[in-house]
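Here is the structure we will look at.
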Amino acid sequence: MIDSHCHPITEAGGILDLSSIHIQLPANDWELSERKRTGPSRLSQEMMTVRLAQHLACAPEEVEVARQEASRDWPAYVRNLFSAAGLKGLVLDPGWDLGATTAEAGKFSEMVNLPVRPILRLEPIIDRLIAAGAGPKEIQDEIDETMRAAPASGYFGFKTIIAYRTGLAVDPSVTLDQAGESLRLSEGLPVRRRGKALRDMLLRRALGIAAELGLPFQIHTGYGDSDIRLVEANPILLEELLRSKEGCAATILLIHGSYPWHDELAYLTVAKTNVYAELSQFNIFSPATIADRMERILEFAPTAKVLCGTDGHGAPETYWFAALMIQEAWSRVRSKWASAGARRSWLEEVEGAIFDGNTSRMYRF
């Protein structure tokens, strides 16, 4: 399996706090203590505990400490996990932790002994410039310049998390003057919520540049950590942008299965020639029903336009667990479809495409 979407991992091993693998970002000590208290009651933590106990050959109650001993040689431990998960390559979004050594694709590749294809996340640049008081033309010019330099800098694609900022209801008709006005009117808001019109304009332009460069563009859709406003993350909100010249030209990958909007995601891959689906993240946090969601997408979407990933982040066990869960889910879907009459040769083609071929072609592995 080539992992179509992942993030940097921690710099060293040690005791693993399984409750930290969570979508909640604690704002204070009480929220942190509640996350730890309720963690064992979550199915995803229970399943990861049991699976790790099997992998580490220990009792479930000993997992956190057993991991400390097993991870003394951190690179070897990580490589073992990735090998056990059948990972053959990684598409890396380093924006999750720009300070991590593994945010540098070359060092990550060396650590795991796998090819790594980094993509450029745009929001760190936009947020930095807004915070510094830059105007819309200055921000636009820097984004343009940075994107055009991306291939020479070793990037294989782009990504936006505008869903975390001002939402996916992007207006593709925004002008530079309107972008500037949106900055002025939102001056009192946190940086992440400032300049909706500006962010809309930048995304439309960014899609055009990505199309010119022939590089894919990931858009976060569906749920994420607790900073997101989920109502603004439905992929169907992108329809106006996808009707624009730039939105029709770029190769667009809607990531995370758009959970909980799987049907909308599948529809967009059918209705829009240039729109692809990526399945990740929910295989970490909602593991019991992965097969159901996977089947709903694959039943309608062209399987030649679906990529599978992990959204692994922080703890390398998230990569390992997510990869195993989605591969097991596909086995159940495959068996069901075989019973319904799908040919074995066709099912083998689908498996090769969603776990390897589609990502390999898109990111030039």
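What you see is a predicted model, and the numbers here were worked out from it, not measured in a lab.
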Run the side-chain contact (heavy atoms from CB on, under 4.5 Å) test on Ile21 and Phe285 for me, step by step, so that the C-alpha distance in whole Å, both residues' side-chain angles and the decisive distance to 0.1 Å come before the verdict.
CA-CA 9 Å; Ile21 302 171; Phe285 297 108; 4.2 Å; yes

side-chain contact (heavy atoms from CB on, under 4.5 Å) between Tyr155 and Met147, intermediate numbers included:
CA-CA 9 Å; Tyr155 290 103; Met147 288 188 68; over 6 Å; no

Take Ile284 and Thr310 through the side-chain contact (heavy atoms from CB on, under 4.5 Å) test and state the conclusion after the steps.
CA-CA 7 Å; Ile284 299 175; Thr310 67; 5.6 Å; no

Test log, rule side-chain contact (heavy atoms from CB on, under 4.5 Å), inputs Arg243 and Glu239:
CA-CA 6 Å; Arg243 293 175 187 273; Glu239 279 213 281; 3.8 Å; yes

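Panel note: side chain Asn274, backbone Gly247; a donor-acceptor pair is recorded below 3.5 Å. At distances below 3.5 Å, at least one donor-acceptor pair connects side-chain atoms of Lys305 with backbone N or O atoms of Val275. Side chain of Thr102 to backbone of Phe108: no donor-acceptor contact under 3.5 angstrom is found. When atom types are taken as modelled, the side chain of Ser153 and the backbone of Ala149 share a donor-acceptor pair closer than 3.5 angstrom. Although no hydrogens or angles enter the test, the distance criterion places a donor-acceptor pair under 3.5 Å between the side chain of Asn358 and the main chain of Val306.
Of all non-hydrogen atoms in Met111 and Trp74, the two that sit nearest each other are CE-CD1, 3.9 Å. Shortest non-hydrogen contact noted between Phe217 and Ala206 is CE1-CB, 3.7 Å. Here the shortest heavy-atom pairing between Pro287 and Phe321 reads CB-CZ, 4.1 Å. Residues Thr251 and Met362 share a closest heavy-atom pair of CG2-CE, 3.9 Å. Residues Ser258 and Leu254 approach most closely at OG-CB, 4.4 Å, considering heavy atoms. When all heavy atoms of Gly309 and Asp3 are compared, the pair lying nearest together is CA-OD1, 3.2 Å.
For Arg121, the salt bridge (charged side-chain N to carboxylate O under 4.0 Å, His left out) partners at least two apart in sequence or on another chain are Asp93. Scored by the salt bridge (charged side-chain N to carboxylate O under 4.0 Å, His left out) test, Asp127 finds Arg165, Arg199 as partners (sequence neighbours excluded). Residues passing the salt bridge (charged side-chain N to carboxylate O under 4.0 Å, His left out) test with Arg117: none are found, sequence neighbours excluded. Partners of Asp141 by salt bridge (charged side-chain N to carboxylate O under 4.0 Å, His left out), not counting sequence neighbours, listed by chain and number: Lys137.
We find the CG-CD distance between Leu203 and Glu123 to be 8.0 Å, quoted to the nearest 0.5 Å. The CE atom of Met325 sits 9.5 Å away from the CD atom of Gln327 when rounded to the nearest 0.5 Å. Distance check: Leu279 CG to Cys308 SG gives 5.0 Å after rounding to the nearest 0.5 Å. Rounding to the nearest 0.5 angstrom, the gap separating the CD1 atom in Ile162 from the CD atom in Glu232 is 10.0 Å. Rounding to the nearest 0.5 Å places CG of Asp29 at 12.0 Å from CD of Glu34. If you take OG on Ser173 and CD on Glu240, they are separated by 9.0 Å, rounding to the nearest 0.5 Å.
There is no side-chain donor-acceptor pair under 3.5 Å between Ser33 and Arg37. Counted by atom type alone, Ser44 and Arg42 present one or more donor-acceptor pairs between their side chains at under 3.5 Å.
A salt bridge does not link Lys107 to Glu110: none of the charged nitrogens lies less than 4.0 Å from a carboxylate oxygen. Salt-bridge annotation for Arg72 and Glu69: present, with a side-chain N of the basic residue lying under 4.0 Å from a carboxylate O of the acidic one. Taking the charged nitrogens against the carboxylate oxygens, Lys196 and Asp200 do have a contact shorter than 4.0 Å, which makes a salt bridge. Salt-bridge formation is detected for the pair Arg184/Glu181: a Lys NZ or Arg NE/NH1/NH2 atom is positioned less than 4.0 Å from an Asp or Glu carboxylate oxygen. Between Glu31 and Arg35 there is no salt bridge, since no side-chain N of the basic residue sits under 4.0 Å from a carboxylate O of the acidic one. Ion pair Glu278/Lys159 not flagged as a salt bridge, since none of the NZ, NE, NH1 or NH2 atoms sits closer than 4.0 Å to an Asp/Glu carboxylate oxygen.
Tyr164 belongs to a hydrophobic cluster with Ile161, Ile228, counting contacts under 4.5 Å between side-chain heavy atoms of Ile, Leu, Val, Met, Phe, Trp and Tyr, direct or through other members.
When side chains are defined from C-beta on, Pro94 does not count as touching Glu104, because their heavy atoms never get closer than 4.5 Å. Within the 4.5 Å cutoff, no side-chain heavy atoms of Ile236 are placed close to those of Trp261. In this structure, Arg293 and Ser286 have side chains that are in contact, with non-hydrogen atoms separated by less than 4.5 Å.
Between Trp337 and Trp346, the ring-plane angle classifies as tilted under the 30° and 60° cut-offs. Ring planes of Trp320 and His55: tilted class, angle from 30 to 60°. The aromatic rings of Phe282 and His262 sit perpendicular, their planes meeting at an angle over 60°, well past the 30° parallel limit.
Sorted by first and then second residue, the pairs that involve residues 201-218 and meet side-chain hydrogen bond (donor to acceptor under 3.5 Å, both in side chains), not counting sequence neighbours, are His5-Gln218, Asp144-Arg205, Arg148-Glu212, Gln218-Tyr363.
For Tyr267, the OH atom counts as loosely surrounded, since its 6.0 Å shell holds 12 or fewer non-hydrogen atoms of other residues, nucleotides or ligands.
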